[in-house]
Every structure is written in structure tokens, then in C-alpha cells.
Amino acid sequence: QVRLVESGGGLVQAGDSLRLSCTASGRPVSIYTVAWFRQAPGNERGFVAALSRYDSDTPDYADSVKGRFTISRDAGKNTVYLQMTGLKPEDTAIYSCASRYSGLSRVPSDFTTWGQGTQVTVSS
């Protein structure tokens with residue numbers, strides 16, 4: 001059973017950058033598809049980005065973050081990152097990483113293991 005822990009959130013200004021980390025323990029993160037989701041108050045949890053266990057060269061991004069966010073994996077550190085640039089106030093949310101033992105998906109219920117989340121707040 002893999003365990004996921006997020007870190008790297010914080011309070012930043014619009015236009016700033018942040019890098020979130022999703023560190024796995026118990027199993028190698030490279031054997032899982034890992035995705036980032038976010039949830040703002042009053043909103044449903046939404047898909048942000050995902051990296052397939054089968055193809056790390058073709059990540060999937062939500063249209064709202066494409067070109068600004070980059071998902072990547074460091075197998076040596078057993079960590080998946082979400083590099084966020086050009087942050088906007090509408091990016092404010094709790095960001096969570098999740099894993100599944102299958103291919104890409106944008107559906108939260110398809111993922112079996114979740115981290116506790118990290119808060120990202122972007123001020124205007």
C-alpha cells in the first residue's frame with residue numbers, strides 16, 4: 001500500500017510560482033499513475049494534471065492550467081512534483097495528489113489513494 005504526502009503549498013501573489021511535492025512511501029511511485037486535483041471552498045474537486053505509469057512523456061493537463069503548470073516525477077526521490085507558474089487568484093485551493101494502479105484518468109473516484117492536501121492561496 002502506497003502512502004502519499006503533499007508539501008510545498010503557501011501564500012503567494014499573483015504571477016508567482018510554487019512547486020508542490022507529492023512524496024510516496026511504501027511502494028515506488030513510478031508504478032502508479034499519479035494525479036493532482038484541487039478543491040476550492042464551495043466547489044467540487046477538480047482535475048489539474050496527471051502522469052501515467054505507462055507513459056511519463058505525455059502528461060495530461062486541465063485546460064485551465066495548460067502552459068502554466070508542469071507535472072513531473074523523480075523516481076530517485078519517490079516524488080511527483082507540480083510546478084506552478086503564473087499563478088492566478090483562481091488557482092487558490094487545497095491541492096491533493098492521488099494514485100491509481102491503472103492509466104490516466106480525470107475522475108477523482110478512479111483514484112484509490114490520496115494525500116492529505118496542501119493549501120495554495122494566491123492573492124491579487
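Just so it is clear, the model here is predicted, and its values are computed rather than measured.
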Under 4.5 Å side-chain linkage, directly or through intermediates, the cluster mates of Y81
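Joined to Y81, directly or through intermediates: none.
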Is there a side-chain contact between [X] and [Y] (heavy atoms, below 4.5 Å)?
{"X": "S72", "Y": "Q83", "result": "no"}
{"X": "T79", "Y": "V29", "result": "no"}
{"X": "S21", "Y": "E6", "result": "no"}
{"X": "V80", "Y": "I71", "result": "yes"}
{"X": "V120", "Y": "M84", "result": "yes"}

Compute the ring centroids of F37 and W114, then answer whether they are less than 6.0 Å apart.
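Yes, ring centres under 6.0 Å apart.
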Shortest non-hydrogen contact from [X] toward [Y]:
{"X": "P89", "Y": "A14", "answer": "CD-CB, 4.2 Å"}
{"X": "A24", "Y": "L4", "answer": "CB-CD2, 3.9 Å"}
{"X": "V34", "Y": "C22", "answer": "CG1-SG, 4.4 Å"}
{"X": "T33", "Y": "F111", "answer": "O-CE2, 4.0 Å"}

Partner set under side chain to side chain contact (heavy atoms under 4.5 Å, CB included) for A62, not counting sequence neighbours
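With neighbours one apart ignored, the set is F47, S64, V65.
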Evaluation steps, side chain to side chain contact (heavy atoms under 4.5 Å, CB included), between R3 and T113
CA-CA 7 Å; R3 180 171 174 261; T113 300; 5.9 Å; no
Applying side chain to side chain contact (heavy atoms under 4.5 Å, CB included) to F69 and V48, what does each step give before you reach the verdict?
CA-CA 9 Å; F69 291 10; V48 176; 3.7 Å; yes
Do the side chain of R68 and the main chain of G86 share a donor and acceptor less than 3.5 angstrom apart?
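Side chain of R68 to backbone of G86, a donor-acceptor pair under 3.5 Å: yes, one is there.
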Within the side chain of N43, is there an N or O that forms a donor-acceptor pair under 3.5 Å with the backbone of A40?
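No, N43 side chain to A40 backbone: no donor-acceptor pair under 3.5 Å.
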So, using salt bridge (Lys or Arg N to Asp or Glu O under 4.0 Å) as the criterion, who are the partners of K66 when residues are at least two apart?
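With neighbours one apart ignored, the set is D63.
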Taking only residues two or more places apart in sequence, or in another chain, which ones meet R106 in a salt bridge (Lys or Arg N to Asp or Glu O under 4.0 Å)?
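Here the qualifying residues are D60.
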Do L18 and V122 sit in one hydrophobic cluster, given that two such residues count as connected whenever their side-chain heavy atoms are within less than 4.5 Å of each other, even indirectly?
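Yes, L18 and V122 fall within the same hydrophobic cluster.
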Let me check something: do L51 and I31 share a hydrophobic cluster, defined by ILVMFWY side-chain heavy atoms less than 4.5 Å apart, either directly or through other members?
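Hydrophobic grouping puts L51 with I31.
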Report all side-chain donor-acceptor pairs from residues 93-105 shorter than 3.5 Å, counting only partners two or more places apart or in another chain.
unit_1 : atom_1 : unit_2 : atom_2 : d
Y95    : OH     : R38    : NH1    : 2.9
Y95    : OH     : D91    : O      : 2.6
R100   : NE     : D110   : O      : 3.2
R100   : NH1    : G103   : O      : 2.3
S105   : OG     : V107   : N      : 3.1
S105   : OG     : D110   : OD2    : 2.6

To the nearest 0.5 Å, what is the distance between CZ (R19) and OG1 (T70)?
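If we round to the nearest 0.5 Å, R19:CZ and T70:OG1 are 11.5 Å apart.
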What's the verdict on side chain to side chain donor-acceptor pair (under 3.5 Å) for D55 and S52, showing C-alpha distance, side-chain angles and the deciding distance?
CA-CA 5 Å; D55 179 10; S52 173; over 6 Å; no
Please determine whether side chain to side chain donor-acceptor pair (under 3.5 Å) holds for the pair T121 and Q119, giving the CA-CA distance in whole Å, both sets of side-chain angles, and the decisive distance to 0.1 Å.
CA-CA 6 Å; T121 303; Q119 176 71 47; 3.3 Å; yes
Kindly write out the residues that satisfy ring pair (Phe, Tyr, Trp, His ring centres under 6.0 Å) with Y61, not counting sequence neighbours, or none if the list is empty.
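Once residues adjacent in sequence are excluded, Y61 has no partner under the ring pair (Phe, Tyr, Trp, His ring centres under 6.0 Å) criterion.
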For Q1, look at atom CD and say whether over 12 heavy atoms of other residues, nucleotides or ligands are found less than 6.0 Å away.
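12 or below, so no.
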